[in-house]
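What follows is one structure encoded as structure tokens, with my remarks underneath.
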Amino acid sequence: DKGLEKSNRSFLDKMSRAVVGKTKVDDEVLDELEEILITSDVGVETTIKIINRIEERVARDKYVNSSELDKILREEIMGLLSENESSNFEGLSIPTLPNGDPYVIMVVGVNGVGKTTTIGKLAYQLKSKGKKVVLGAGDTFRAAAVDQLQIWSDNTGVPIIKQAMGSDPASVAYDTVQSAKAQGADVVLLDTAGRLHNKINLMNELSKIKRVMQKVIPDAPHDVMLVLDGSTGQNAFEQAKQFTQATEVTSLAITKLDGTAKGGVVIGISDQFQIPVKYIGVGEGMDDLQVFNKAEFVDSFFK
Ligand code: GDP
């Protein structure tokens, strides 16, 4: 697909340059590879892990030459991404709960990362698959957030539950799950406020939202999805750290992978935080949200 290929195209170019004129994988090649991975935003920890594994393989299988490097690298990256694959997520098919309750996805992330857009795209795609979706405008701190979600609701015909600006987000969450349950909805997509300046507040707010919605659906939320902007590199890592400390994040959506040459952030974050990447954003349109497919993603690095 175009978005991802563009995103990762420069990767193989750099790789090829690193191995030009080389017959075997030596320290120089590994150093270059390390730099390529780091500049692709794979992150230092994950880069070192990958380099160490390749080093071991090179030492063990003496025959490894530089033309095999991309094959080995591909295998190692696939391995890392598989380590935290969740059997829970099968494409867009949201699990059906045995008691008939709606599957509640609480969406978290800082402002500007593409949270609202991701919710809107997901609502659209789920509805197209025949799912009954309800949106909850839980970011009651920004008028723009509610307005934007309302626009997605209008455009997709997916109902939205909202309250006045400044009202308690937990109260919106309560209304949303109650209404969704009463309507026999399949999925709830609950937006939340993404204010990171005070971690204790964030922690308290998110746990209150959970506690209150659990009065209606005791095992909700079934998924806490963190949205990260893939084009922001180290910021995305930092946000993942903050949010995983504030609440139990169970899946990731990584946006804006269309405009960047740094898709490596997907590999680093999924490895470092051991949370499966569920969706990737590759544009602003309704269809530009893809179910993450690790083989396709890794291929896009090597095309
Ligand atoms: P929020 O503040 O986190 O809710 O962010 P928004 O959903 O309002 O998105 C911020 C901006 O990023 C908007 O202009 C979106 O159209 C844009 N955006 C969101 N996802 C993507 C994506 O995958 N690719 C691109 N190119 N833009 C995106």
Side-chain angles (χ1 to χ4, degrees), residues 1-10 41 92 105-126 133 135-156 158 160-162 165 169 172-173 176 188-197 202 205-206 209 223-233 235-240 242-243 246-247 249 251-266 269-270 277-293 296-297 300:
D1 59 88
K2 286 165 282 139
L4 273 181
E5 262 177 56
K6 190 165 104 207
S7 157
N8 295 323
R9 191 193 299 140
S10 62
D41 272 345
L92 268 180
I105 305 176
M106 179 166 127
V107 185
V108 300
V110 305
N111 300 338
V113 294
K115 204 154 34 97
T116 314
T117 308
T118 301
I119 292 172
K121 290 167 174 174
L122 200 50
Y124 163 74
Q125 292 188 21
L126 286 167
V133 185
L135 302 177
D139 185 352
T140 58
F141 296 90
R142 288 187 306 159
V146 180
D147 292 348
Q148 256 206 319
L149 205 61
Q150 179 68 59
I151 292 171
W152 279 100
S153 165
D154 294 341
N155 290 345
T156 56
V158 169
I160 183 172
I161 303 298
K162 60 179 186 180
M165 274 292 300
V172 176
T176 306
V188 168
L189 299 172
L190 179 70
D191 193 11
T192 61
R195 301 167 308 156
L196 252 192
H197 57 266
L202 178 72
E205 194 170 288
L206 294 177
I209 292 173
D223 184 12
V224 177
M225 184 162 86
L226 172 63
V227 182
L228 296 169
D229 178 341
S231 70
T232 61
N235 276 342
F237 280 82
E238 186 54 35
Q239 288 164 19
Q242 303 283 329
F243 274 93
T247 192
V249 176
S251 71
L252 299 172
I254 302 187
T255 64
K256 308 188 196 179
L257 289 175
D258 45 312
T260 167
K262 299 198 164 185
V265 75
V266 172
I269 285 183
S270 117
V277 178
K278 196 170 176 186
Y279 302 107
I280 54 172
V282 293
E284 298 186 85
M286 286 190 180
D287 286 310
D288 296 329
L289 186 77
Q290 301 177 351
V291 173
F292 181 66
N293 176 313
E296 246 172 51
F297 178 78
S300 76

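Everything quoted here is computed from the prediction, not taken from an experiment. Whatever order the structure lists ligands and atoms in, that order sets their numbers, starting from 1.
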*asked:* Please determine whether side chain to side chain contact (heavy atoms under 4.5 Å, CB included) holds for the pair Glu205 and Thr192, giving the CA-CA distance in whole Å, both sets of side-chain angles, and the decisive distance to 0.1 Å.
replied: CA-CA 9 Å; Glu205 194 170 288; Thr192 61; 5.9 Å; no
_Side chains of Thr118 and Met225, heavy atoms from C-beta outward: is any pair under 4.5 Å?_
yes
*Would a 4.5 Å heavy-atom cut-off, applied to side chains only, mark Thr140 and Val172 as touching?*
yes
_Under a plain distance cut-off of 3.5 Å, with no hydrogens placed, do Asp154 and Gln150 share a side-chain donor-acceptor pair?_
yes
*Below 4.5 Å, heavy atoms only, C-beta onward: do Trp152 and Ile119 meet side chain to side chain?*
no
Atom pairs, nitrogen or oxygen, ligand 1 to protein, under 3.5 angstrom:
residue: ligand 1; atom: 2 (O); partner: Gly112; partner atom: N; Å: 2.6
residue: ligand 1; atom: 2 (O); partner: Arg142; partner atom: NH2; Å: 3.4
residue: ligand 1; atom: 3 (O); partner: Gly112; partner atom: N; Å: 3.2
residue: ligand 1; atom: 3 (O); partner: Val113; partner atom: N; Å: 3.2
residue: ligand 1; atom: 3 (O); partner: Gly114; partner atom: N; Å: 2.9
residue: ligand 1; atom: 3 (O); partner: Lys115; partner atom: N; Å: 2.8
residue: ligand 1; atom: 4 (O); partner: Thr116; partner atom: N; Å: 2.9
residue: ligand 1; atom: 4 (O); partner: Thr116; partner atom: OG1; Å: 2.5
residue: ligand 1; atom: 5 (O); partner: Gly114; partner atom: N; Å: 3.1
residue: ligand 1; atom: 7 (O); partner: Thr116; partner atom: N; Å: 3.3
residue: ligand 1; atom: 7 (O); partner: Thr117; partner atom: N; Å: 2.8
residue: ligand 1; atom: 7 (O); partner: Thr117; partner atom: OG1; Å: 2.5
residue: ligand 1; atom: 8 (O); partner: Gln148; partner atom: OE1; Å: 2.9
residue: ligand 1; atom: 9 (O); partner: Thr117; partner atom: OG1; Å: 3.4
residue: ligand 1; atom: 12 (O); partner: Lys256; partner atom: NZ; Å: 3.3
residue: ligand 1; atom: 14 (O); partner: Glu284; partner atom: OE1; Å: 3.4
residue: ligand 1; atom: 16 (O); partner: Glu284; partner atom: OE1; Å: 2.5
residue: ligand 1; atom: 23 (O); partner: Lys256; partner atom: N; Å: 3.0
residue: ligand 1; atom: 23 (O); partner: Gly281; partner atom: O; Å: 3.3
residue: ligand 1; atom: 23 (O); partner: Val282; partner atom: N; Å: 3.4
residue: ligand 1; atom: 23 (O); partner: Gly283; partner atom: N; Å: 3.3
residue: ligand 1; atom: 23 (O); partner: Gly283; partner atom: O; Å: 3.3
residue: ligand 1; atom: 24 (N); partner: Asp258; partner atom: OD1; Å: 2.8
residue: ligand 1; atom: 24 (N); partner: Gly283; partner atom: N; Å: 3.2
residue: ligand 1; atom: 24 (N); partner: Gly283; partner atom: O; Å: 3.4
residue: ligand 1; atom: 26 (N); partner: Asp258; partner atom: OD1; Å: 3.3
residue: ligand 1; atom: 26 (N); partner: Asp258; partner atom: OD2; Å: 2.7

*Would you confirm whether Gln125, through its side chain, and Met286, through its main-chain N or O, come within 3.5 Å as a donor-acceptor pair?*
yes
